[in-house]
Undergrad: 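Can you keep this structure in mind? I'll have questions shortly.
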There are 2 protein chains.
Amino acid sequence: MVRKTKEEAELTRRHILDAARRVFLECGVARTTLERVAAAAGVTRGAVYWHFRNKTDLFFAMREQATLPFVDRVVFDEGEADPLQGIERALREIIHIMEDQPETRETIEILSFKCEYVEEFSGLRLRTEGQLEFLAGLTAAYQRAAAKGLLRAGLDPAIVAQDTFVFVGGLIKHWLSSEPDECFRAGASALIRTHVALRRA
Amino acid sequence: MVRKTKEEAELTRRHILDAARRVFLECGVARTTLERVAAAAGVTRGAVYWHFRNKTDLFFAMREQATLPFVDRVVFDEGEADPLQGIERALREIIHIMEDQPETRETIEILSFKCEYVEEFSGLRLRTEGQLEFLAGLTAAYQRAAAKGLLRAGLDPAIVAQDTFVFVGGLIKHWLSSEPDECFRAGASALIRTHVALRRA
DNA sequence: CTATTTACATACATCCGTGATTGTATAAAC
DNA sequence: GTTTATACAATCACGGATGTATGTAAATAG
């Protein structure tokens, strides 16, 4: 049984991507061998090399899939009456994505803790387009809040946006590092609420 | 010329540790070969294997050296009149350590971005003893501030401490990711000031 | 119905890193 | 001054991963 139909081929491609994510998460990217990925996907290395040029190509393909949920769900509505509430909702949405989309969560965990940012991966470390867009969205939202008099007096929207940006980075890091049943995850919601409330006038 | 004196041997050991840090930073831990470390230290693999059991042992030896500056310099004085100011000073001290101790900074960069937390390294991800101690120190300091009426009304010291803890994690991450001349590093001081000021009554 | 391409599996050559072993000149112990 | 332990250097054997080349059966195009 060789030479599958196009749809079947696309299916094995996704199987390989899923397997890669699992093996990357377990072994780390560097120690992951394409043999193990193939075995986890129920194919041979031949299939992997057919769909992907090499491990790096496979890695970037896996990564690309994880960016979609964020651009979809983490948005700032410009017409919102209370921009601070919009920011709070955006931060919550990030946690929700990690909670109910295991594939995305695992990919972020790989990017955060199972990948060494050297050579072909070093470019990922500098702020990516998506991150810059998020920071820009935060800044704009804080500016709208300031214009409406909702921001606490004396706060520079740009600084506060960077502060929240930093907060999100730390939040994701610690959230991923904590055990699922640990109190930190339950407390994340309170952390977000406090974070935004501190900035409200 | 073999069989050095004890002091010379200790010197080559430190040369190897220094070299390891440089190569780890450039190649990542996984891709680092002991051959390259040896060459960078001006010795052969024989010397490396004499002083260290293997790459993992070398890695942990390098890591250990970086923890010292923090326990020395990032402290909370219990008798301080203004605990919030103490917290701010502690946060600043972290940045200062990264600024004027390149070895420590590089080691943290390796731990943050050049190391995959799997198998023998997976234990490092969970909160280490030092991190827990830092969080405990933060909590105690915020509690003292609350007792003195310095903390903003309605804030739970434990939550705020976690918030600052998260902030520090994000701060280090972004500080390391930014270029030395980038404005983010210059703005870190303002971020810290704002962060603490937001919590003051 | 034939030709060609697709979607893999299998087999092969190569290199690279590791750990262990052995060699050795000198420092230190006695 | 001899012996022994030290601090490496040099060599070896081995497995393991990669990339490529080849084989092949079925799907698709014509």
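Each chain gets a letter, A, B and so on, in the order its sequence line appears, and its residues count up from 1.
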Undergrad: Go nucleotide by nucleotide along DNA chain D from the 5' end; which of A:N54 and B:E10 gets its closest nucleotide reached first?
TA: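 This one resolves to B:E10.
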Undergrad: Using the side-chain hydrogen bond (donor to acceptor under 3.5 Å, both in side chains) criterion, which residues pair with B:T164? Sequence neighbours excluded.
TA: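 Residues passing side-chain hydrogen bond (donor to acceptor under 3.5 Å, both in side chains) with B:T164: B:Y142, B:H195.
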Undergrad: Classify the ring geometry between A:Y117 and B:F113 as parallel (under 30°), tilted (30 to 60°) or perpendicular (over 60°).
TA: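 The rings of A:Y117 and B:F113 stand perpendicular, inter-plane angle above 60°.
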Undergrad: Can you tell me how far P of C:dG17 sits from CZ of B:R45, to the nearest Å?
TA: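 One finds 10 Å between P of C:dG17 and CZ of B:R45, rounded.
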Undergrad: What's the closest nucleotide to the A:A47 side chain, out of C:dC8, D:dC8, C:dA28?
TA: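 Per side-chain heavy atoms of A:A47, the pick is C:dC8.
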Undergrad: For B:R53 and C:dT18, give me the distance from atom CZ to atom P, rounded to whole Å.
TA: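 In whole Å, C:dT18 P and B:R53 CZ are 15 Å from each other.
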Undergrad: Could you tell me which residues satisfy side-chain hydrogen bond (donor to acceptor under 3.5 Å, both in side chains) with A:E80, sequence neighbours excluded, listed by chain and number?
TA: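 With neighbours one apart ignored, the set is A:R89.
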Undergrad: Measure from NE2 on A:H51 to C1' on C:dC8 and round the result to the nearest Å.
TA: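 In whole Å, C:dC8 C1' and A:H51 NE2 are 8 Å from each other.
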Undergrad: Per the ring-ring contact (aromatic ring centres under 6.0 Å, His included) rule, what does the pair list look like for residues 37-57 of chain B, sequence neighbours excluded?
TA: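 Listed by first then second residue: nothing to list.
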Undergrad: List in numerical order all residues of residues 55-64 of chain A for which some heavy atom is under 4.0 Å away from an atom belonging to DNA chain C.
TA: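 Listed by number, there are none.
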Undergrad: Check whether any side-chain heavy atom of A:H15 sits under 4.5 Å from a side-chain heavy atom of A:V43, and report yes or no.
TA: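 No, every pair of side-chain atoms sits at 4.5 Å or beyond.
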Undergrad: Counting just side-chain N and O atoms, does A:T5 come under 4.0 Å of either OP1 or OP2 of D:dT28?
TA: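 Answer is yes, contact under 4.0 Å.
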Undergrad: Heavy-atom contacts under 4.0 Å between residues 11-44 of chain B and DNA chain C, which residues?
TA: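 Residues of residues 11-44 of chain B under 4.0 Å from DNA chain C: B:T32, B:T33, B:L34.
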Undergrad: When you compare the side chains of B:T33 and B:E35, does any donor N or O come within less than 3.5 Å of an acceptor on the partner?
TA: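 Side chains of B:T33 and B:E35: no pair found under 3.5 Å.
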Undergrad: Rounded to whole Å, how long is the line connecting atom CH2 of B:W50 with atom C1' of C:dG23?
TA: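 One finds 14 Å between C1' of C:dG23 and CH2 of B:W50, rounded.
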Undergrad: Is it true that B:K6 and B:E10 make a salt bridge, defined as a side-chain N closer than 4.0 Å to a carboxylate O?
TA: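 Between B:E10 and B:K6 there is no salt bridge, as every charged N stays at least 4.0 Å from the carboxylate O atoms.
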Undergrad: Look at the side chain of A:Y49 and decide which nucleotide, out of D:dA9, C:dA9, D:dT20, has an atom nearest to it.
TA: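 Of D:dA9, C:dA9, D:dT20, D:dT20 is nearest to the side chain of A:Y49.
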Undergrad: May I have the distance from B:E8 (atom CD) to C:dA27 (atom C1'), rounded to whole angstrom?
TA: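 Interatomic distance, CD of B:E8 to C1' of C:dA27: 10 Å.
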Undergrad: By the side-chain hydrogen bond (donor to acceptor under 3.5 Å, both in side chains) test, which pairs, at least two apart or in different chains, include something from residues 52-63 of chain B?
TA: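 As it turns out, the side-chain hydrogen bond (donor to acceptor under 3.5 Å, both in side chains) pairs with a partner in residues 52-63 of chain B, which skip direct neighbours, are B:T56-B:E120.
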Undergrad: Verify whether the ring centers belonging to B:F134 and B:F70 lie closer than 6.0 Å.
TA: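 They do not qualify: ring centres at least 6.0 Å apart.
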